[in-house]
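A quick write-up on the structure given underneath.
Fair warning: this is a prediction, and the values are worked out from it, not measured in the lab.
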Amino acid sequence: MIVKMASVHWHSQTRQYQLEKESLRLEAVPVEFGDYHPLKPITVTDSKTRRTGRKGSTSSSSSSSSSAPDPLSSILDGSDPLSVFAAAVTDPLSARISAGESGNRKQDKDDETVVGTDFEPWSGKRSEILARFTTTEKLSINLFIGSDKGKAPSPSSAVSEKVRTRLEELDDLEEGSQKEMLNLSQQDYVNRIEELNQNLKEAWASDQKVKALKIVIQCSKLLSDTTVIQFYPSKFVLITDILDTFGRLVYDRIWSMCSDTQLLPDSFSSDDVNDTARETCLNWFFKIASIRELIPRLYVEAAILKCNRFLSKMGIQETLPRLTAMIRGIGDPLVAVYARAYLCRVGMEVAPHIKESLNKNFFDLLTTFKQIHGDSVQNQLVMQSVEIPVYLTLYSPAIDWIMQCLAYRAPEALLTEMMERCRKLGNNALLLNSIMSAFRSEFIAARAMDFIMMIKESDEAGFPKHLLFISLGRSLACADPPENDRLTVLNEAWKVITKLRSQQDYINCAETWVEYTCRHFTKREVNTVLADIIKHMTPDRAFEDAYPQLQSVIRKILMYFHDFSVLFSMERFLPFLDMFQRDSIRVNVCQAIMEVFIRHQQEPTRDPVILNALMHVCKTMHDSVNALTLDDEKRSIAGLINGFIRMVSFGRDFEQQLSFCVEARATFCNLETVLSQLIHSVNQLAMATHRVVKGSHSRKTAAFVRACAAYCFITIPSLTGIFNRLVLYLHSGQIALTNNCLSQADAFFKAAISLLPDVPRLVLVEGKLRPSEGFLIEFLQNFLSTLLVVPDHPEQGVLFLVRGLLNIVQDYNWEDTNDAKLRIYISALPLLAAMSQDNFLYRINKVESNETLYGGDPKFVAEINKLCDTLIDQILDHLKNLGKDEAFQRQSSIAIMLLNTILTHGDLRNNRLNQMVVNLWNLAQKYGYADTRAMVRLPLFSPHAMCVL
């Protein structure tokens, strides 16, 4: 207990709260009807012109108005800049449309020469190809052995000597100044290619242009090597990266030379190019033309195809057909198809409007299909032990890209032509797959049955048929086939899919067609598909190798089925979930289900099917939490479980709701955030009961709210966070007090007070240790405001809880460098002043607080005043000690806080209290630390203070 006697003789100011409230209420002004409206824009006039404002008033820059001034009228010329802007452009969309109408012709013309965002770039396919086409066989590579010949000559060297040297270097490369590296793993091979790419950039930066060209030629030669044929698509990707780098370097170099004064715009013509840049560009093409081998000469010239813009307007258009014709000289069909793919890629970047080259490349491709079955290719496949279906898949990236370029913004008639050509080739599966991948999904969906028949008639020994169904399924998942064909399409496709022998091929197809089924059919058909997947993937535990595909199936079902009563009524849905037996995968699936439920469940539910299923899902997530689980993962799981708990409602069946919370507490006992949510939910349940009975509890409802309080009182100690426990004790005590459960409220408040000594000085907040004083002060101030309406226990004495709280504050081990204890003491003074009033500031209905128990009894008021005196003495002693320690700024701050509190709540007719106000004022001002504006705002000159000062 605080034992020091006081000498201040505190007396609280008598307050009439209702009268004070009335005096502070703003004056109401009746609204006039007619033309006037409070939201009508205010019209502002300047000194030269006058405009009509609101009804009955005018405004000018030199006269006042009864209307509120426009805060924006003081800038510019008195007009609102936002209104001016709105007047200028009333609708930004219409402005864009009007601007677009004037430039429609130009827009249409530009669309032909620019590839839009609807075209999938090569960069999007690159990583997929590298991941798909891998090998475990050993690879070889030819590395260029550099010499000093490629270094930049000195300025004194003659031009003829320079030319001779470069020609010798090129001949040197042709004659074998290279070193072959054998027995490289795939990763070693990739590292060597990246090393060459880096060497190219370094050589170019050091002005060794011939060395850079050597590296590019050397890399291009690698594209003629099909020794490890399964790795060829990935090799093509890696080497064309080097070619792209070289093409950019050459183009940027020549572009920077085009003008002596400033750089050319992107829309320049060949007439804008000066002679130096033109000669440099020609020199590069002459160097490339001197390359003896076809493949490096073709690839390197294609890499700098864009540089033809520097030479002539029609340069690119003339060069593309020539390069297309050159590819006909490549004997290996696989090498040829990738050369065509690279030429089409470069052509789409520099001249997408030139469609003739794309058509020629594609038609040449069709004529080379018969080479696949030639002796040279077949012998090569036998030597490398590669089967024809695997070999044909190597063509897919190249043919898909050529077809994508050809089908970009193409009319539907082109699809009809391609389908006819495909039929003439015997429904070539490789071509058919590319057609379905390249053309718009709407075009494919409209001919879904035609493609089904073509797939059936395709050669089974060639391109794998299940890949054709995957491509068709992807198109049908994005667009709708004719309504009459939808079920037939599904049946015809599934007849083939379900007979696939390979479980991996089956699940790849099923994953694609599940989305089509969900998009167009009901739970019955989806349930049938799930049953078939379970049937195929359960034997030999094949599902363990297909978790990514099975997860995709779940995601697609959740994409279309948001009604969980329908979802969980599928007989095979939960058995399908049981196939996810790896813990991490199972938890990810459960999280995906809960995210969809929380996002799309609009109304609370009590459906037992949903509750039982989601309890199982949430329990799976909860049980995955262990000591090694990251905090972010715990928060994510707890957030999903809390979202589920908030969506459970049994309506007026409050007892069933409490039973659910009891079950949830036992199920989710390891997550503190979930337990906190359950405590809040039970407190909300108690308040819902209070609303239903309108504060007048019967014996049954009183017993129920006491049961809710018991639930909270039992659950709170299981939490580890001390501030979380403190807040929940206080909150639960307030709820119990509101429901007239006085003994339960006392228990909560006493538990909170007894927990205060255990509050550490430092608490962990977002991974960092921070002082706890701020949190503790906020909590105690909230606690003090609650104690105003808490009646004293008849067996504990007057102000038992208040005294107990203040004793804990006094005994707490506070930091010497702050004044938290003093701030709490000062915060207690308004509470004690409010307790001494005849009528309290606020009260709880049907709860007899000290206002009723004591009713301003002199003995009770005397106890309050004595406690206030003790607190003030403690504060004054601390102020003296601060003066001794020369902590004048802290002393001034505490003095101002105490001064403000006394002026607001103390009775200044008391001479000693009056003198203390003067002393505190002087102390606050003594060392110049007080804020003048803050001191002026103090209620020192209020009528109450002025009457005594």
Side-chain angles (χ1 to χ4, degrees), residues 547 550-551 553-555 557-559 561-651 653 656-685 711-712 714-715 718-721 724:
Y547 282 139
L550 296 177
Q551 284 181 278
V553 170
I554 287 290
R555 284 195 298 269
I557 293 175
L558 294 174
M559 188 187 306
F561 287 86
H562 299 155
D563 187 345
F564 277 72
S565 60
V566 174
L567 185 65
F568 289 124
S569 64
M570 296 182 194
E571 295 179 0
R572 311 310 299 172
F573 184 77
L574 291 179
F576 184 84
L577 292 181
D578 291 338
M579 288 197 295
F580 296 96
Q581 297 187 9
R582 188 183 302 170
D583 291 341
S584 58
I585 301 295
R586 184 169 65 249
V587 172
N588 288 337
V589 171
C590 292
Q591 287 179 313
I593 294 173
M594 292 307 305
E595 286 172 358
V596 174
F597 174 78
I598 293 171
R599 187 183 309 121
H600 296 284
Q601 186 71 22
Q602 301 295 329
E603 299 293 334
T605 181
R606 60 184 301 175
D607 189 330
V609 175
I610 295 178
L611 297 186
N612 290 334
L614 291 184
M615 279 292 286
H616 171 72
V617 170
C618 291
K619 186 177 187 303
T620 300
M621 294 190 298
H622 169 270
D623 292 347
S624 69
V625 176
N626 53 44
L628 301 179
T629 305
L630 299 175
D631 291 339
D632 288 343
E633 183 71 12
K634 288 182 181 179
R635 279 193 292 269
S636 176
I637 292 175
L640 294 174
I641 297 175
N642 286 341
F644 164 63
I645 292 172
R646 287 192 292 267
M647 293 305 298
V648 176
S649 174
F650 291 89
D653 192 350
Q656 184 65 26
Q657 187 83 26
L658 182 59
S659 299
F660 168 78
C661 292
V662 172
E663 180 185 358
R665 179 178 61 185
T667 305
F668 309 125
C669 58
N670 292 332
L671 290 173
E672 182 167 330
T673 308
V674 178
L675 294 179
S676 299
Q677 175 61 46
L678 288 171
I679 294 170
H680 286 301
S681 297
V682 171
N683 281 329
Q684 291 173 357
L685 191 59
Y711 177 99
C712 297
I714 293 172
T715 309
S718 63
L719 306 178
T720 57
N724 195 15

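A distance of 3.5 Å separates OG1 in Thr629 from CG in Asn626, rounded to the nearest 0.5 Å. Atoms SG and CD1, from Cys590 and Ile641 in turn, are 10.0 Å apart once rounded to the nearest 0.5 Å. To the nearest 0.5 Å, atom CD1 of residue Ile593 and atom CG of residue Leu558 are 6.0 Å apart. In this structure, CG in Asn588 is found 12.5 Å from CD1 in Ile554, a value given to the nearest 0.5 Å. A distance of 12.0 Å separates CD of Glu663 from CZ of Arg665, quoted to the nearest 0.5 Å. Atoms CD and CG, from Gln601 and Asp563 in turn, are 7.5 Å apart once rounded to the nearest 0.5 Å.
In this structure Asn642 satisfies the side-chain contact (heavy atoms from CB on, under 4.5 Å) test together with Ile645, Arg646, Thr673, Val674, Gln677, sequence neighbours excluded. Partners of Asp632 by side-chain contact (heavy atoms from CB on, under 4.5 Å), not counting sequence neighbours, listed by chain and number: Arg635. Taking Leu719 as the reference, Glu672, Leu675, Ser676, Ile679, Asn724, Arg725, Leu728 meet the side-chain contact (heavy atoms from CB on, under 4.5 Å) condition, with sequence neighbours excluded.
A donor-acceptor pair under 3.5 Å links the side-chain atoms of His622 to the main chain of Asn670, judged by distance alone. Ser569 contributes a side-chain N or O that, together with a main-chain N or O of Val566, makes up a donor-acceptor pair within less than 3.5 Å.
Glu633 and Gln591 share a side-chain donor-acceptor pair at under 3.5 Å.
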Check your understanding: Is there a side-chain contact (heavy atoms from CB on, under 4.5 Å) between Phe668 and Met621 once you walk through the steps?
Key -> CA-CA 10 Å; Phe668 309 125; Met621 294 190 298; over 6 Å; no
Point to revise | Stepwise side-chain contact (heavy atoms from CB on, under 4.5 Å) test for His562 and Val596 | key: CA-CA 7 Å; His562 299 155; Val596 174; 4.1 Å; yes
Practice item. Start with the C-alpha gap between Ser624 and Ile637, add the side-chain angles, then the distance that decides, and say whether side-chain contact (heavy atoms from CB on, under 4.5 Å) holds. Key: CA-CA 10 Å; Ser624 69; Ile637 292 175; 3.9 Å; yes
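The environment of CD in Gln656 is crowded: more than 12 heavy-atom neighbours from other residues, nucleotides or ligands sit within 6.0 Å.
The aromatic rings of Phe650 and Phe660 are tilted relative to each other, their planes meeting at an angle between 30° and 60°. Between Phe568 and Phe564, the angle of the ring planes lies from 30° to 60°, which puts this pair in the tilted group.
Across all non-hydrogen atoms, the minimal contact from Leu685 to Gln657 is CD1-CG, 3.8 Å.
Looking at heavy atoms from C-beta onward, Leu671 lies in side-chain contact with Val625 at the 4.5 angstrom threshold. Here the side chains of Phe576 and Leu550 are in contact, with some heavy-atom distance below 4.5 Å. Side-chain contact between Val648 and Ser681: absent, with no pair of heavy atoms (C-beta onward) separated by less than 4.5 Å.
Screening residues 574-584 for salt bridge (charged side-chain N to carboxylate O under 4.0 Å, His left out), with sequence neighbours left out, gives Asp583-Arg586. Pairs engaging residues 594-616 under the salt bridge (charged side-chain N to carboxylate O under 4.0 Å, His left out) rule: none recorded [sequence neighbours left out].
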Quick one: side chains of residues 608-620, donor-acceptor pairs under 3.5 Å with protein atoms, not counting sequence neighbours, listed by atom name and distance.
{"residue": "Asn612", "atom": "ND2", "partner": "Pro608", "partner atom": "O", "Å": "3.1"}
{"residue": "Lys619", "atom": "NZ", "partner": "Asp623", "partner atom": "OD2", "Å": "2.7"}
{"residue": "Thr620", "atom": "OG1", "partner": "His616", "partner atom": "O", "Å": "2.9"}

